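Just so you know, these numbers come straight off a predicted model, no measurement behind them. Values below: all heavy atoms of this structure, side chains included; hydrogens, waters and symmetry mates excluded.
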2 protein chains.
Amino acid sequence: MANIRDLAKEAGVSVATVSRVLNGHPYVSEEKRKAVWEAVEKLNYSKNIQAVHLAKGRTAIVGVMLPYIHHPYFSAVIEGISKEALRYGYQLLLFQTNYEVERELEALERLRMRQMDGLIVCSHEVDWEVFDAYQEDGPIVLCEQVERYDFFTVYIDHYQAFVRALRYLIKKGHRRIGYCIGRTTGPNSQARAAAYQDVLREVGALPRRQWVFDGCLFLEDGKRVMEQWIAMEERPSALLVTSDQVAAGIVLHARRIGVRIPDELAVIGFDNDPLAEMLGITTVALPHFTLGERAFRLLHHWLETGRVARKQEELPAQLLVRDTA
Amino acid sequence: MANIRDLAKEAGVSVATVSRVLNGHPYVSEEKRKAVWEAVEKLNYSKNIQAVHLAKGRTAIVGVMLPYIHHPYFSAVIEGISKEALRYGYQLLLFQTNYEVERELEALERLRMRQMDGLIVCSHEVDWEVFDAYQEDGPIVLCEQVERYDFFTVYIDHYQAFVRALRYLIKKGHRRIGYCIGRTTGPNSQARAAAYQDVLREVGALPRRQWVFDGCLFLEDGKRVMEQWIAMEERPSALLVTSDQVAAGIVLHARRIGVRIPDELAVIGFDNDPLAEMLGITTVALPHFTLGERAFRLLHHWLETGRVARKQEELPAQLLVRDTA
DNA sequence: GCTTGACTTGAAACGCGTTTCATACATTAC
DNA sequence: GTAATGTATGAAACGCGTTTCAAGTCAAGC
């Protein structure tokens, strides 16, 4: 493989001149410019991008840390990130973690090793404090709400979103309200749990342990929830559900076993998945795609200017009333 | 940032020794090994991975070219690739193309520039011939069937899969059969089209232009198909549908507008999406996840050994009869 | 006592593009 | 006529880890 020195020899110029031509710098005579391009052609030259990265100290690569890819939520976020990355000429390096701490640390280490210019964390398991140690290695944007203000974050206010949905149910007369979440430890889930406690306490309704369904991530989990629900002695009259996928599972299984929705059970999902629209599921629309876009933009703006307009950005959620609640 | 030379100075050894320690090579005295690790600690050293890439001429990065991410098919394939990549210590660099030739070429150029060790192409728009020019720049694995045998490919035999589904419908007495596809140009779609022509001709049934529904990719498209279907004077009695997502759209909209499935319209989907199971949709199970896994393994095996067991690998599809056909 | 093989270690070359600095000529400015 | 600019170009340093090669030490083998 020819390198830039071979090229210089072939074209009868210095490597500096070759570099100038290759990068479109001014101050190169037309004559030499032509000679260089001819040499490129002749030697079938192509830059070694690794050498460029090393020399420049930048890569125009952004890392994306996320637990899974094959999941409507995360794939929507990446799609948003990807769209913006494409626009600004950045590439994406994927770090799938399965929520394993080991893998999350690996991604952070890669940031330290300067493999990428910045990192977008879609979701994580390790404590925030861990990120502290890596702040100086490159900008990190979190896609979740954190209490501290020294992180870059773009987030949806899940507390408010949950509150809004709860208030709606309460206004409709519901007092026996339950909810489903994905994993208990995530900040989103904790925000939802807090909202649940707060709002129910406010109206004197009682939160119940057994009305909280954990581990609800996929369509199939909705079926499971419905089965548990039907087997209960005291059933909630309404459920706030992790995602529309899970809500769809609930609604579809309810139809099959003849549970009337919303009369016997009101259901509100989250996301505004096409499936929710199709099934007429009342849902809280969450701008996942936009979340990804904004996360990238925040990172990009920082990378290009070294300054920020703001470190935190909150995205709105909107309740869409349809037929299930 | 400290580099390996600072480290050598600090530890009082040569850079070669530092490199040996850092890479766990044998033949280093315990004493020096310790000194090096202490220096690493003291200087808070971290390798510059770009320098490693440059020096080694390898990156342990695999590129993944695909049109979209937020799509059940592609996100399943990546998930499979990702799982195997994780296992073998490789990283994934994403190239989202939106089926734009420009972007596909960009990905191939990156392979030339040695940004990654190999490339997995999930789907593409450019002609195969284009790939020829890049074959020498690194192994390329295609996830689609190609006629030529000098490519690495892992694929599902869509022709056979379609034939099987068609035969099943025919055995059930259907003669007026239509189908939905995503985009006409893809090899998968063309295989399906060919199967359609062949099988229908075989039994003397007539293929009809207006029974082919193009541009069916998402759930919503199923609704559109159903609306078109209902408006037809001569309706097909059965439809083979791009994916279970689209099939679900058809089935759900049919339910809403009171079309009886499978009596008035039989539907067979593809993929074996959880949604298909939930809705009882008869489908042809396609091993997308496995496809990704195998694609990575093929690439990996080549990268590590420089040899191949086989260049082509075909994955089976299986008809799962449920309630819609 | 000498050969042989295993173990240690460092200098230097290598992979390769970018960038700075110095040099030199040609203009333009005053 | 001289200073100040602008244009053009190359040598060399820089970013930094890996690897080869030569050389040296030491214990085991004959």
Side-chain angles (χ1 to χ4, degrees), chain A residues 1-40 43-61 109-117 137-138, chain B residues 1-37 39-40 43-61 89 109-117 137-138:
Chain A
M1 281 253 115
N3 63 36
I4 198 171
R5 278 160 242 268
D6 300 330
L7 218 51
K9 203 174 294 171
E10 176 69 30
V13 300
S14 71
V15 293
T17 299
V18 174
S19 180
R20 286 194 193 96
V21 173
L22 261 29
N23 294 295
H25 289 305
Y27 300 158
V28 178
S29 67
E30 203 43 57
E31 174 192 26
K32 306 221 163 178
R33 195 179 294 278
K34 187 154 157 278
V36 169
W37 283 120
E38 278 169 5
V40 166
L43 301 183
N44 190 24
Y45 171 81
S46 180
K47 270 190 197 180
N48 182 325
I49 199 83
Q50 306 300 341
V52 177
H53 288 335
L54 177 59
K56 288 206 169 155
R58 310 186 341 107
T59 58
I61 293 175
E109 276 305 319
R110 290 289 172 155
L111 183 64
R112 275 207 82 199
M113 293 193 231
R114 284 149 281 182
Q115 181 159 25
M116 56 258 194
D117 296 341
D137 297 313
Chain B
M1 280 253 117
N3 64 33
I4 199 173
R5 279 161 239 269
D6 300 329
L7 218 51
K9 204 173 293 170
E10 176 69 29
V13 299
S14 71
V15 294
T17 298
V18 174
S19 180
R20 287 194 192 96
V21 172
L22 261 29
N23 293 295
H25 289 306
Y27 300 157
V28 179
S29 68
E30 204 43 57
E31 176 192 24
K32 304 219 165 177
R33 194 178 294 278
K34 189 156 156 275
V36 169
W37 284 121
V40 166
L43 301 183
N44 189 26
Y45 172 81
S46 181
K47 270 190 197 180
N48 182 324
I49 200 82
Q50 306 300 341
V52 177
H53 289 335
L54 176 60
K56 288 208 168 151
R58 310 185 340 106
T59 60
I61 293 174
E109 276 305 320
R110 291 289 172 156
L111 183 64
R112 275 206 82 197
M113 294 194 231
R114 285 149 282 183
Q115 181 160 24
M116 57 256 193
D117 297 341
D137 298 312

Provide the closest heavy-atom pair for A:I4 versus A:Y45 in the form atom of the first, atom of the second, distance.
-> N-CE1, 3.8 Å
What is the bend of the helix from C:dG1-D:dC30 to C:dC30-D:dG1 when you compare the axis at one end with the axis at the other, using five pairs each and rounding to 10°?
-> 30°
Within the structure shown, what part of the strands sits under 4.0 Å from B:R114 by heavy-atom distance: base, sugar-phosphate, or nothing?
-> sugar-phosphate
Nucleotide range of DNA chain C lying under 4.0 Å from chain A heavy atoms = C:dC16 to C:dT20
With sequence neighbours left out, the residues meeting side chain to side chain contact (heavy atoms under 4.5 Å, CB included) with A:D137 are A:L111, A:R112, A:Y134, B:M1
Under 3.5 Å, which N/O atoms of the protein pair with N/O atoms of nucleotides 5-9 of chain D?
{"residue": "D:dT7", "atom": "OP2", "partner": "A:Y27", "partner atom": "OH", "Å": "2.5"}
{"residue": "D:dT9", "atom": "OP1", "partner": "A:S29", "partner atom": "OG", "Å": "2.9"}
{"residue": "D:dT9", "atom": "OP2", "partner": "A:S29", "partner atom": "N", "Å": "2.6"}
{"residue": "D:dT9", "atom": "OP2", "partner": "A:S29", "partner atom": "OG", "Å": "3.2"}

Listed partners of B:N3 passing side-chain hydrogen bond (donor to acceptor under 3.5 Å, both in side chains), at least two apart = none
Side-chain heavy atoms of B:I61 within contact of A:Q115, under 4.5 Å | yes
Pull out every protein N or O sitting under 3.5 Å from an N or O of nucleotides 25-29 of chain D, one pair per line with the distance.
none

Under 3.5 Å, which donor-acceptor pairs do the side chains of residues 29-36 of chain B form with other protein atoms, sequence neighbours left out?
{"residue": "B:S29", "atom": "OG", "partner": "B:K32", "partner atom": "N", "Å": "3.3"}
{"residue": "B:R33", "atom": "NH2", "partner": "B:H25", "partner atom": "O", "Å": "3.3"}

Residues in side-chain hydrogen bond (donor to acceptor under 3.5 Å, both in side chains) contact with B:N23, at least two apart in sequence or another chain = B:S19, B:K47
Which residues pass the side chain to side chain contact (heavy atoms under 4.5 Å, CB included) test with B:A8, sequence neighbours left out?
-> B:V15, B:V18
Go through the structure and list residues passing salt bridge (charged side-chain N to carboxylate O under 4.0 Å, His left out) with B:R58, not counting sequence neighbours.
-> B:D117
Any side-chain heavy atom of A:V28 sitting closer than 4.5 Å to one from A:V13?
-> no
Tightest non-hydrogen contact, residues A:M113 and B:S46, listed as CG-OG, 3.7 Å
Residue pairs passing the side chain to side chain donor-acceptor pair (under 3.5 Å) test with at least one member in residues 6-17 of chain B, sequence neighbours excluded, are B:E10-B:K42, B:S14-B:T17
Kindly write out the residues that satisfy side chain to side chain contact (heavy atoms under 4.5 Å, CB included) with A:N48, not counting sequence neighbours, or none if the list is empty.
-> A:Q50, A:A51, B:L54, B:R114
